[in-house]
*Asks:* 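Take a look at the following structure, please.
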Amino acid sequence: MSQHSLQRLTSPSRGFSALVHLVGLSSFLASLNWQRRYPNPVTMRWGGQYQFLTILGLAMSTVAFACGLLADITLSRRLFQIKNVLSVCSTPLEVLVSILYWGICAIDKTLIVPPGYTLPFLPDFGFHAMPALMMTLDLLLLSPPWSVRSYGAMSISMAVAFLYWGWVEFCFSKNGLYPYPIFELLTTGQRVALFTFSAMLMTSSTLLLKWVYGALNGVEKLKEEALHPIKTD
(Lines give C-alpha, C1' and ligand atoms only; values in the text may rest on other atoms or scores of the structure.)
Protein backbone atom coordinates (compact mmCIF):
# COMPACT_ATOMS: atom_id res chain seq x y z
CA MET A 1 0.00 0.00 0.00
CA SER A 2 1.24 3.50 -0.83
CA GLN A 3 2.26 5.78 2.03
CA HIS A 4 2.70 9.49 2.57
CA SER A 5 5.95 10.69 0.98
CA LEU A 6 7.19 12.06 4.34
CA GLN A 7 6.19 9.01 6.39
CA ARG A 8 9.25 7.11 7.54
CA LEU A 9 7.98 3.49 7.49
CA THR A 10 5.13 1.77 5.71
CA SER A 11 1.82 1.86 7.54
CA PRO A 12 -0.71 0.38 7.45
CA SER A 13 1.11 -2.90 6.93
CA ARG A 14 1.08 -6.42 8.30
CA GLY A 15 4.75 -6.18 9.32
CA PHE A 16 6.42 -3.76 11.73
CA SER A 17 3.40 -1.46 11.91
CA ALA A 18 1.11 -4.29 12.99
CA LEU A 19 3.67 -5.41 15.60
CA VAL A 20 3.89 -1.92 17.13
CA HIS A 21 0.13 -1.56 17.29
CA LEU A 22 -0.30 -5.07 18.71
CA VAL A 23 2.28 -4.48 21.47
CA GLY A 24 0.84 -1.07 22.32
CA LEU A 25 -2.77 -2.24 22.29
CA SER A 26 -1.92 -5.24 24.49
CA SER A 27 -0.20 -2.97 27.00
CA PHE A 28 -3.08 -0.49 27.06
CA LEU A 29 -5.71 -3.20 27.53
CA ALA A 30 -3.64 -4.83 30.28
CA SER A 31 -3.46 -1.51 32.13
CA LEU A 32 -7.21 -0.92 31.84
CA ASN A 33 -7.86 -4.46 33.04
CA TRP A 34 -5.49 -4.00 35.99
CA GLN A 35 -7.37 -0.89 37.06
CA ARG A 36 -10.65 -2.79 36.87
CA ARG A 37 -9.33 -5.72 38.91
CA TYR A 38 -7.69 -3.58 41.60
CA PRO A 39 -9.98 -0.62 42.29
CA ASN A 40 -9.15 2.17 44.73
CA PRO A 41 -11.51 4.33 46.83
CA VAL A 42 -11.86 6.86 44.00
CA THR A 43 -12.73 4.35 41.26
CA MET A 44 -15.47 2.84 43.41
CA ARG A 45 -17.39 6.14 43.34
CA TRP A 46 -19.45 7.83 40.64
CA GLY A 47 -17.46 8.17 37.40
CA GLY A 48 -15.25 5.22 38.28
CA GLN A 49 -11.78 5.05 36.82
CA TYR A 50 -12.72 7.61 34.19
CA GLN A 51 -12.36 10.38 36.76
CA PHE A 52 -8.60 10.12 36.11
CA LEU A 53 -7.04 11.99 33.20
CA THR A 54 -4.61 9.07 32.88
CA ILE A 55 -7.46 6.65 32.16
CA LEU A 56 -9.24 9.01 29.76
CA GLY A 57 -6.01 9.41 27.77
CA LEU A 58 -5.37 5.68 27.90
CA ALA A 59 -8.88 4.94 26.61
CA MET A 60 -8.35 7.30 23.66
CA SER A 61 -4.96 5.73 22.92
CA THR A 62 -6.55 2.27 23.06
CA VAL A 63 -9.13 3.25 20.46
CA ALA A 64 -6.41 4.83 18.28
CA PHE A 65 -4.20 1.74 18.39
CA ALA A 66 -7.19 -0.57 17.83
CA CYS A 67 -7.94 1.39 14.67
CA GLY A 68 -4.27 1.21 13.74
CA LEU A 69 -4.10 -2.55 14.20
CA LEU A 70 -7.32 -3.12 12.26
CA ALA A 71 -5.95 -0.90 9.51
CA ASP A 72 -2.79 -3.02 9.43
CA ILE A 73 -4.75 -6.25 9.19
CA THR A 74 -7.24 -5.05 6.58
CA LEU A 75 -4.94 -2.47 4.90
CA SER A 76 -7.79 0.00 5.30
CA ARG A 77 -6.82 3.56 4.47
CA ARG A 78 -9.97 4.83 6.22
CA LEU A 79 -9.10 3.20 9.56
CA PHE A 80 -5.54 4.48 9.19
CA GLN A 81 -6.86 8.03 8.80
CA ILE A 82 -9.10 7.65 11.86
CA LYS A 83 -6.09 6.50 13.89
CA ASN A 84 -4.12 9.55 12.74
CA VAL A 85 -6.94 11.96 13.67
CA LEU A 86 -7.22 10.46 17.15
CA SER A 87 -3.45 10.61 17.56
CA VAL A 88 -3.36 14.39 17.08
CA CYS A 89 -5.10 14.68 20.45
CA SER A 90 -4.09 11.49 22.25
CA THR A 91 -0.32 11.65 21.65
CA PRO A 92 0.25 15.13 23.17
CA LEU A 93 -2.20 14.21 25.93
CA GLU A 94 -0.20 11.10 26.82
CA VAL A 95 3.02 13.12 26.82
CA LEU A 96 1.32 15.66 29.10
CA VAL A 97 0.15 12.90 31.47
CA SER A 98 3.69 11.52 31.71
CA ILE A 99 5.28 14.92 32.33
CA LEU A 100 2.72 15.93 34.97
CA TYR A 101 2.68 12.56 36.74
CA TRP A 102 6.41 11.96 37.00
CA GLY A 103 7.10 15.65 37.62
CA ILE A 104 4.61 15.92 40.50
CA CYS A 105 5.72 12.56 41.91
CA ALA A 106 9.29 13.87 42.02
CA ILE A 107 8.05 16.73 44.22
CA ASP A 108 5.47 14.94 46.37
CA LYS A 109 3.74 11.74 45.29
CA THR A 110 0.89 12.25 47.76
CA LEU A 111 -0.30 15.18 45.62
CA ILE A 112 -1.21 12.86 42.77
CA VAL A 113 -1.80 9.41 44.32
CA PRO A 114 -4.87 8.75 46.53
CA PRO A 115 -4.01 8.25 50.23
CA GLY A 116 -3.17 4.69 51.18
CA TYR A 117 -2.88 3.59 47.55
CA THR A 118 0.31 2.03 46.24
CA LEU A 119 0.88 1.31 42.56
CA PRO A 120 3.52 -1.36 41.74
CA PHE A 121 6.21 -0.36 39.23
CA LEU A 122 4.99 -2.32 36.20
CA PRO A 123 1.38 -1.04 36.32
CA ASP A 124 2.73 2.42 37.14
CA PHE A 125 4.95 2.32 34.04
CA GLY A 126 2.07 0.89 32.00
CA PHE A 127 -0.24 3.74 32.97
CA HIS A 128 2.14 6.69 33.00
CA ALA A 129 4.98 5.98 30.56
CA MET A 130 4.11 3.24 28.07
CA PRO A 131 1.25 5.12 26.37
CA ALA A 132 3.41 8.19 25.72
CA LEU A 133 6.25 6.03 24.40
CA MET A 134 4.07 3.95 22.08
CA MET A 135 2.03 6.88 20.77
CA THR A 136 5.22 8.84 20.08
CA LEU A 137 6.78 5.86 18.31
CA ASP A 138 3.68 5.54 16.15
CA LEU A 139 3.80 9.24 15.29
CA LEU A 140 7.48 9.40 14.43
CA LEU A 141 7.73 6.21 12.38
CA LEU A 142 4.28 5.15 11.22
CA SER A 143 2.25 8.32 10.63
CA PRO A 144 2.18 11.16 8.12
CA PRO A 145 3.19 14.62 9.43
CA TRP A 146 0.63 16.52 11.45
CA SER A 147 -0.97 19.48 9.70
CA VAL A 148 -2.23 21.08 12.94
CA ARG A 149 -0.74 24.55 13.56
CA SER A 150 -0.07 26.32 16.85
CA TYR A 151 -3.49 27.95 17.21
CA GLY A 152 -5.20 24.66 16.42
CA ALA A 153 -3.02 22.86 18.94
CA MET A 154 -3.77 25.48 21.59
CA SER A 155 -7.51 25.23 20.88
CA ILE A 156 -7.45 21.44 21.24
CA SER A 157 -5.37 21.68 24.43
CA MET A 158 -7.59 24.32 26.05
CA ALA A 159 -10.70 22.30 25.15
CA VAL A 160 -9.23 19.12 26.67
CA ALA A 161 -8.05 20.91 29.82
CA PHE A 162 -11.26 22.73 30.63
CA LEU A 163 -13.61 19.94 29.57
CA TYR A 164 -11.69 17.70 31.96
CA TRP A 165 -11.96 20.31 34.71
CA GLY A 166 -15.72 20.47 34.15
CA TRP A 167 -15.89 16.68 34.33
CA VAL A 168 -13.83 16.64 37.54
CA GLU A 169 -16.09 19.21 39.19
CA PHE A 170 -19.20 17.32 38.09
CA CYS A 171 -17.82 14.10 39.60
CA PHE A 172 -16.96 16.04 42.78
CA SER A 173 -20.57 17.23 43.02
CA LYS A 174 -21.61 13.56 43.06
CA ASN A 175 -18.83 12.14 45.24
CA GLY A 176 -17.60 14.96 47.46
CA LEU A 177 -14.10 13.77 46.55
CA TYR A 178 -11.59 14.75 43.87
CA PRO A 179 -9.66 12.05 41.96
CA TYR A 180 -6.31 13.73 42.65
CA PRO A 181 -5.43 15.00 46.16
CA ILE A 182 -3.79 18.12 44.71
CA PHE A 183 -7.21 19.46 43.67
CA GLU A 184 -8.29 19.49 47.32
CA LEU A 185 -5.45 21.88 48.16
CA LEU A 186 -6.12 24.44 45.43
CA THR A 187 -8.52 27.36 45.31
CA THR A 188 -10.68 27.89 42.23
CA GLY A 189 -8.24 30.49 40.92
CA GLN A 190 -5.32 28.12 41.44
CA ARG A 191 -7.18 25.38 39.56
CA VAL A 192 -7.70 27.79 36.65
CA ALA A 193 -3.96 28.44 36.66
CA LEU A 194 -3.18 24.71 36.84
CA PHE A 195 -5.43 23.78 33.94
CA THR A 196 -4.23 26.74 31.86
CA PHE A 197 -0.64 25.70 32.50
CA SER A 198 -1.52 22.12 31.54
CA ALA A 199 -3.09 23.32 28.27
CA MET A 200 0.06 25.33 27.48
CA LEU A 201 2.22 22.30 28.29
CA MET A 202 0.10 20.09 26.02
CA THR A 203 0.43 22.67 23.23
CA SER A 204 4.19 22.74 23.74
CA SER A 205 4.22 18.94 23.58
CA THR A 206 2.43 19.09 20.22
CA LEU A 207 4.99 21.56 18.83
CA LEU A 208 7.90 19.56 20.24
CA LEU A 209 6.58 16.37 18.65
CA LYS A 210 6.26 18.20 15.32
CA TRP A 211 9.86 19.41 15.63
CA VAL A 212 11.16 15.93 16.44
CA TYR A 213 9.17 14.49 13.51
CA GLY A 214 10.69 17.09 11.21
CA ALA A 215 14.20 16.47 12.53
CA LEU A 216 13.92 12.68 12.28
CA ASN A 217 12.28 12.64 8.86
CA GLY A 218 14.11 15.59 7.32
CA VAL A 219 11.09 17.89 7.06
CA GLU A 220 12.43 21.42 7.55
CA LYS A 221 8.96 22.98 7.28
CA LEU A 222 7.75 21.16 10.39
CA LYS A 223 10.82 22.22 12.34
CA GLU A 224 10.25 25.82 11.31
CA GLU A 225 6.56 25.69 12.26
CA ALA A 226 7.44 24.26 15.67
CA LEU A 227 10.16 26.82 16.39
CA HIS A 228 8.22 29.84 15.08
CA PRO A 229 4.52 29.00 15.59
CA ILE A 230 3.25 32.58 15.53
CA LYS A 231 5.21 33.54 12.42
CA THR A 232 4.11 30.52 10.40
CA ASP A 233 0.42 30.52 11.34
Side-chain angles (χ1 to χ4, degrees), residues 28 31-32 35-36 39-67 82-105 107-115 117 119 127-129 131-132 135 146 148-209 229 233:
F28 302 162
S31 294
L32 290 172
Q35 182 69 71
R36 182 185 61 80
N40 61 56
V42 175
T43 62
M44 296 175 68
R45 295 172 182 257
W46 198 93
Q49 62 183 346
Y50 295 101
Q51 295 177 72
F52 293 102
L53 183 62
T54 299
I55 301 301
L56 293 173
L58 184 59
M60 186 180 295
S61 297
T62 300
V63 175
F65 262 48
C67 290
I82 293 173
K83 183 269 293 183
N84 292 333
V85 170
L86 292 172
S87 296
V88 171
C89 179
S90 58
T91 305
L93 178 58
E94 293 293 12
V95 172
L96 172 68
V97 166
S98 291
I99 292 173
L100 289 178
Y101 178 79
W102 297 108
I104 293 174
C105 282
I107 298 170
D108 185 352
K109 196 168 187 177
T110 62
L111 294 174
I112 203 77
V113 178
Y117 186 67
L119 196 60
F127 283 120
H128 302 111
M135 295 301 296
W146 286 347
V148 63
R149 297 294 190 91
S150 60
Y151 293 135
M154 175 59 82
S155 297
I156 293 172
S157 300
M158 291 295 287
V160 169
F162 284 92
L163 283 172
Y164 178 64
W165 184 23
W167 169 243
V168 165
E169 293 295 344
F170 182 72
C171 290
F172 178 79
S173 72
K174 298 284 188 180
N175 301 325
L177 180 72
Y178 285 109
Y180 297 110
I182 189 174
F183 293 156
E184 302 276 0
L185 305 176
L186 302 178
T187 65
T188 299
Q190 289 170 335
R191 290 192 200 111
V192 171
L194 175 63
F195 282 100
T196 301
F197 170 76
S198 297
M200 294 173 62
L201 189 57
M202 184 173 167
T203 302
S204 299
S205 298
T206 302
L207 297 178
L208 176 60
L209 289 166
D233 270 23

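Please read all numbers here as calculations on a predicted model, not as lab measurements.
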*Asks:* Tyr178 vs Phe183 aromatic rings, parallel, tilted or perpendicular, using cut-offs 30° and 60°?
*Replies:*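 Answer is perpendicular, since the angle exceeds 60°.
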*Asks:* Please report the interatomic distance CD1(Ile156) to OG1(Thr203), rounded to the nearest 0.5 Å.
*Replies:* 9.0 Å
*Asks:* Looking at Phe197, I'd like to know if its CZ atom is crowded, meaning that more than 12 non-hydrogen atoms belonging to other residues, nucleotides or ligands lie closer than 6.0 Å.
*Replies:* no
*Asks:* Could you state the interatomic distance from CD (Gln49) to CZ (Arg36), rounded to the nearest 0.5 Å?
*Replies:*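 One gets 9.0 Å once the value is rounded to the nearest 0.5 Å.
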*Asks:* Could you tell me the separation between the CE atom of Met60 and the CG atom of Leu93, rounded to the nearest 0.5 Å?
*Replies:*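 Between Met60 CE and Leu93 CG, I get 6.5 Å after rounding to 0.5 Å.
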*Asks:* Is there a donor-acceptor contact under 3.5 Å from the side chain of Asn175 to the main chain of Trp46?
*Replies:* yes
*Asks:* Could you pull out the closest heavy-atom pair between Ser90 and Ser61, with the gap in Å?
*Replies:*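 Nearest pair, atom of Ser90 first, then Ser61: CB-OG, 4.0 Å.
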*Asks:* Quick check: closest heavy atoms across Phe162 and Val192, and the distance to 0.1 Å?
*Replies:*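 Closest heavy-atom pair between Phe162 and Val192: CZ-O, 4.3 Å.
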*Asks:* If every non-hydrogen atom of Tyr101 is compared with every non-hydrogen atom of Ile112, which pair is closest and at what distance?
*Replies:*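 The pair with the smallest heavy-atom distance is CE1-CG2, 4.0 Å.
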*Asks:* In terms of relative ring orientation, are Phe52 and Tyr180 parallel, tilted or perpendicular, with 30° and 60° separating the classes?
*Replies:* perpendicular
*Asks:* Would you indicate whether the side-chain heavy atoms of Leu201 and Val95 approach each other to under 4.5 Å?
*Replies:*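 A side-chain contact is absent here, since even the closest heavy-atom pair is not under 4.5 Å.
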*Asks:* Assess the residue pair Arg191 and Glu169 against the criterion (side chain to side chain contact (heavy atoms under 4.5 Å, CB included)); give the C-alpha distance rounded to whole Å, side-chain angles, the decisive distance to 0.1 Å, and a yes or no.
*Replies:* CA-CA 11 Å; Arg191 290 192 200 111; Glu169 293 295 344; 3.7 Å; yes
*Asks:* Would you say Pro131 and Val97 make side-chain contact, with heavy atoms under 4.5 Å?
*Replies:* no
*Asks:* Using a 4.5 Å cut-off on heavy atoms from C-beta on, say whether the side chain of Leu100 contacts that of Leu96.
*Replies:*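 Side chain of Leu96 against side chain of Leu100, heavy atoms only: contact under 4.5 Å found.
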*Asks:* Distance from Lys83 atom NZ to Cys67 atom SG, nearest 0.5 Å?
*Replies:*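 Output value for this atom pair is 10.0 Å.
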*Asks:* Looking at side-chain heavy atoms only, is the closest gap between Met158 and Ser198 below 4.5 Å?
*Replies:*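 Met158 vs Ser198: side chains apart.
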*Asks:* Calculate, to the nearest 0.5 Å, the distance between atoms CH2 and OG1 belonging to Trp165 and Thr188 respectively.
*Replies:* 6.0 Å
*Asks:* Grab the two heavy atoms, one from Phe127 and one from Ser31, that are nearest each other, plus how far apart they are.
*Replies:*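 Distance-wise, the nearest heavy atoms are CZ-O, 3.1 Å.
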*Asks:* Does any non-hydrogen side-chain atom of Leu177 lie less than 4.5 Å from one of Glu184?
*Replies:* yes
*Asks:* So which atom in Met135 and which in Ala64 form the shortest heavy-atom distance, rounded to 0.1 Å?
*Replies:*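 Nearest heavy atoms, Met135 then Ala64: CE-CB, 4.3 Å.
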*Asks:* Please check if the side chain of Ser98 supplies one atom and the backbone of His128 the other of a donor-acceptor pair under 3.5 Å.
*Replies:* yes
*Asks:* Is Asn40 close to Thr43 at the side-chain level, that is, under 4.5 Å between some pair of heavy atoms?
*Replies:* yes
*Asks:* Just how far is it from atom OG1 of Thr110 to atom CD1 of Ile182, taken to the nearest 0.5 Å?
*Replies:* 9.5 Å
*Asks:* In sequence, state the C-alpha distance, the side-chain angles, and the governing distance for Val88 and Asn84, and then conclude on side chain to side chain contact (heavy atoms under 4.5 Å, CB included).
*Replies:* CA-CA 7 Å; Val88 171; Asn84 292 333; over 6 Å; no
*Asks:* Check step by step if ring pair (Phe, Tyr, Trp, His ring centres under 6.0 Å) holds for Phe172 and Trp167.
*Replies:* CA-CA 9 Å; Phe172 178 79; Trp167 169 243; over 10 Å; no
*Asks:* Does any part of the side chain of Thr91, heavy atoms only, come nearer than 4.5 Å to the side chain of Trp146, both counted from C-beta?
*Replies:* yes
*Asks:* Can a donor-acceptor pair be found, under 3.5 Å and without considering hydrogens, that links the side chain of Gln51 to the backbone of Val42?
*Replies:* yes
*Asks:* Identify the heavy atoms of Tyr164 and Pro179 that sit nearest to each other, and give their distance.
*Replies:* OH-CG, 4.0 Å
*Asks:* Taking the side chain as everything from C-beta on, heavy atoms only, tell me whether Phe170 gets closer than 4.5 Å to Ser173.
*Replies:* yes
